[in-house]
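One structure is given below, encoded as structure tokens.
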Amino acid sequence: MSGPWLEGLNEAQRRAVTHADGPVLVIAGAGTGKTRTLACRVAYLIDGGVPPERILLLTFTRRAAAEMIARAGRMIGPQTAKVWGGTFHAVANRLLRIYAGAVGLPADFTVIDQGDSADLMNIVRNELGVAKGNKRFPRKETLVRIYSRVVNAGDKLSAVLERYFPWCSDHIDGIRSIVEGYVRRKRDNNVLDYDDLLLFWKALVTTSPAAESVADRFEHILVDEYQDTNALQGDILVAMRRRIRNIMVVGDDAQSIYSFRAATVRNILDFPKQFPGADTVTLEQNYRSVQPILEVGNAVMEQAQERYTKNLWSHRASGNKPVLITCTDEPEQSLAVCSNIITHLEQGIALKRQAVLFRAGHHSSHLEVELARRQIPFHKFGGLKFIEAAHVKDMLAFLRILENPWDELSWFRILLLLEGIGPRSAQRIVDQIGVRREQTPVAEPDSVNPASTEAVSDSGSDESETGPQPITSTFRTPLRRFLEGAVNAPASSRELLQQLRMALAHCAGLRLVSNGRNGGFVLEPLGAEPPLSAQVERIREFYEPVFNRAYENPTIRLRDLEQLEQIAATYRSRGRFITDLTLDPPTSTSDLAGAPYLEEDYLILSTIHSAKGCEWDVVHIIHAADGMIPSDMATGDSEGVDEERRLFYVALTRAKDNLYVYFPIRYYHTGSRMGDAHSYAQLTRFISPTVKALFEQRLPPGITRRDPADPGTFPRHANTPDQVRRQINDLFGA
DNA sequence: CATTTATAAATTTTT
DNA sequence: TTTATAAATG
């Protein structure tokens, strides 16, 4: 069997694509056509008669899955859209909605993100009082990280603390009791966190009555970025493949950069042991980068403690060496980046085909200001997510309690927004309406929801149709009690509470009718719930005055709410909207450069982590200084440094034709009250003398080094007088 | 007594 | 820019 798509594949790729049944490990170096191989494999399988819905494609982001499925679709037709594709977490969610009953979950659980997990952890922490007056007790974020590592790595709490959080070891008993409370609290609130999605998926395929049925749904499983999976995900795959043994995993041990999320290269190394009889295919020919860029990448990896034997090679020769640019400080770095970007743009390389990469989200902030000043549009990936902004979380909290009225966290968030209500009153109200249920009502043990098996994965489609619901005595009790008005609240907040009640009732498709006594209400159904967009609009009507009072700069934040509404407009199901937003949040765009998402061409700014799997014609890596990459936080042990090296390697190998690495010598420490203190940085340790020799070294464009006392000569800068005049005009409003 | 406001301190990477 | 604690206010 062969299709036109086999044309142009090299021998190793072809072996991977046409591999027969059974387990296969594909070791794919950077840029060796792994996406293409996976897409072709999907097309090959479907062409060979495998029903698309019986293929499961696990990737690191939803975008990656969508891309591969679309690519396969271009080869053999639109039926590829039925392939199950997405992240482990998204697939877990989808399976659990179908098989909830088999693992004792209610089917209407909602998913909370890491920030929510931290807040919930904090509630328990405060209630238990274990941290009282103890400044050294782990913060809520740390507690979540500890818990998450224990679960994902499958290690004991004591071992995790000793190895990764030694400064918390003294508090092991306190931590244990907080975690116990946290786990109970999630169950009472009818919520799952990211880790639960995986835990319950594992339970579903190991101990549940539906185990075989779930595993047998899929004839083939394909996993991308296998080096960044963790022990728990490995267990899930093993369980999924006990009977049908077709699995292909693709990965590169040199690109493992998620150990902070408990990912381990052991999964790759142990693959042949976990899946006996596995074949291995290695892809070494790089199609992405010119040879001089690969040489730098290879040289950086040579210094690794654990030697990676892969050496990438390419047919793409080039006289262009990668360029190392030494700048005096960060402002000069920003200027140099802009200048090089413009030069390439003038040579016909669109902004979209260039990217600036950096270690941490905030490393780009200075550059962002400079780009905005020059009106170069950009789009930033990674760093602070728009979903994490307080006002966006507020809006979502309203939708969440409509979807899951046992969600304590969302009730708190909303109640605290109201003037006159603080933690105390909020707690009282939450108690009064019975948000914390002792026992979660469970779906019938063997109930499988046949309607949701037809669910389609892409946005905009509904998987549950929510018609008018009867108002029975048990229906959504906390919400009902709240709407009926059975709460004691400070008189100053009565008016706002009543407005909130009306907004929520409207969204739930109910009408409030006064019961004539003590200010209470009777609920009357008004037919079906209004469409999601109408609900969002109604909530915003209530929220906007509250929002203007609560936040300093409402106008900037208002844009986020508008964006949220636009996204909501593409959904019909409220539940799907909430879940998609927490499992696959849109990346934020900076407001500074106008509305970049409306522009046709924009520059890419990205953390190195978010750049995984991407490629650009021109790549600029900034802050190549020790302390930035490797990050100070990671230089404690050699494993940490090794991971930073792989991170740097990932950054280098994103470049196709041109690579620039920028190193600012001097860093200013603003914010500290020590005046204009500054310090001198070292070039990143990953650019050793041998590596450095592979670079062409340059000064920033337009800069000539000179004796500090010598004014030197400057290129004439014709624009400066205009700029000065413009500034003056701005000041005087002319 | 509960809420709001003021002050100081800390800040990697992501599903 | 958020978050824990202290003081001020209603």
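Computation of the quantities below employed the complete heavy-atom set of this structure, encompassing side-chain atoms and omitting hydrogens, waters and symmetry-equivalent molecules. Reminder, nothing fancy here: chain letters follow the sequence lines and each chain counts from 1.
Salt bridge annotation for A:Asp253-A:Arg646: absent, with no cationic side-chain nitrogen under 4.0 angstrom from a carboxylate oxygen. Contact check on A:Asp113 versus A:Lys393 returns a salt bridge, with a Lys/Arg side-chain nitrogen under 4.0 Å from an Asp/Glu carboxylate oxygen. A salt bridge does not link A:Glu615 to A:Arg654: none of the charged nitrogens lies less than 4.0 Å from a carboxylate oxygen. Using a 4.0 Å cut-off between a side-chain N of Lys or Arg and a carboxylate O of Asp or Glu, A:Arg163 and A:Asp155 do not qualify as a salt bridge.
Taking atom CG of residue A:Leu647 and atom P of nucleotide B:dT13, one finds them 11 Å apart after rounding to whole Å. A:Leu199 has its CG atom 19 Å from the P atom of B:dT15, to the nearest Å. A:Ile123 places its CD1 atom 12 Å from the P atom of C:dA4, with the value rounded to the nearest Å. As rounded to whole Å, 14 Å separates atom C1' of B:dT12 from atom CZ of A:Arg149. Following rounding to the nearest Å, A:Met628 (CE) and B:dT11 (C1') show an atom-to-atom distance of 13 Å. Note: CD (A:Glu419) to C1' (B:dT3) measures 10 Å, nearest angstrom. Atom-to-atom, CZ of A:Arg139 to P of C:dT3 comes out at 8 Å; the value is rounded to the nearest Å. Rounded to an integer number of Å, the gap from CZ of A:Arg125 to P of C:dA4 is 6 Å.
Base pairing of B:dT12: no nucleotide in any strand meets the Watson-Crick or G-U wobble criterion (both distances under 3.5 Å). In this structure, C:dA4 forms a base pair with B:dT7, meeting either the Watson-Crick or the G-U wobble geometry with both donor-acceptor distances under 3.5 Å.
Which of B:dT14, C:dT3, B:dT3 sits closest to the side chain of A:Lys140 comes down to C:dT3. Relative to the side chain of A:Ser425, the nucleotides B:dT3, B:dT13, B:dT15 differ in distance, and B:dT3 lies closest. Listed nucleotides: B:dT14, B:dT15, B:dT3. Nearest to the side chain of A:Tyr194: B:dT15. Considering only side-chain atoms of A:Glu141, the nucleotide from B:dA2, B:dT13, C:dT3 that sits closest is C:dT3. In the set B:dT12, B:dT15, B:dT3, B:dT12 carries the atom at the smallest distance from any side-chain atom of A:Ala360. For A:Phe260, the listed nucleotide lying nearest its side chain is B:dT14; candidates were B:dT14, B:dT3, B:dT12. Counting only heavy atoms from C-beta on, A:Met633 has its side chain closest to B:dT12 among B:dT12, B:dT14, C:dT3. Here the side chain of A:His609 is nearest to one of B:dA2, B:dT14, C:dA4, namely B:dT14.
Proximity of A:Thr607 to the phosphate of B:dT12: no side-chain N or O atom is located under 4.0 Å from OP1 or OP2.
Rounded to whole Å, the C1' atom of C:dA4 lies 22 Å from the corresponding atom of B:dT12.
Donor-acceptor pairing under 3.5 Å, judged by distance alone, is present between the side chain of A:Gln114 and the base of B:dT15.
Residue contacts shown for A:Ile421 are limited to sugar-phosphate atoms, with no base heavy atom under 4.0 Å away. Note on A:Arg261: a base of the nucleic acid sits closer than 4.0 angstrom, heavy atoms only.
If you find the closest nucleotide of DNA chain B to A:Arg428 and to A:Ser631, the one lying nearer the 5' end belongs to A:Arg428. Take the nearest nucleotide of DNA chain B for A:Ala426 and for A:Glu644: the residue whose nucleotide is more 5' is A:Ala426.
Between the side chains of A:Glu408 and A:Asn189, a donor-acceptor pair is found at a separation under 3.5 Å.
In this pair, A:Phe88 does not lay its aromatic ring on the base of B:dT15; centres under 5.5 Å and planes under 30 degrees do not both hold.
Taking the centre and axis of the six-membered ring of A:Tyr164, the NZ or CZ atom of A:Arg149 falls inside the cone set by 45° and 6.0 Å.
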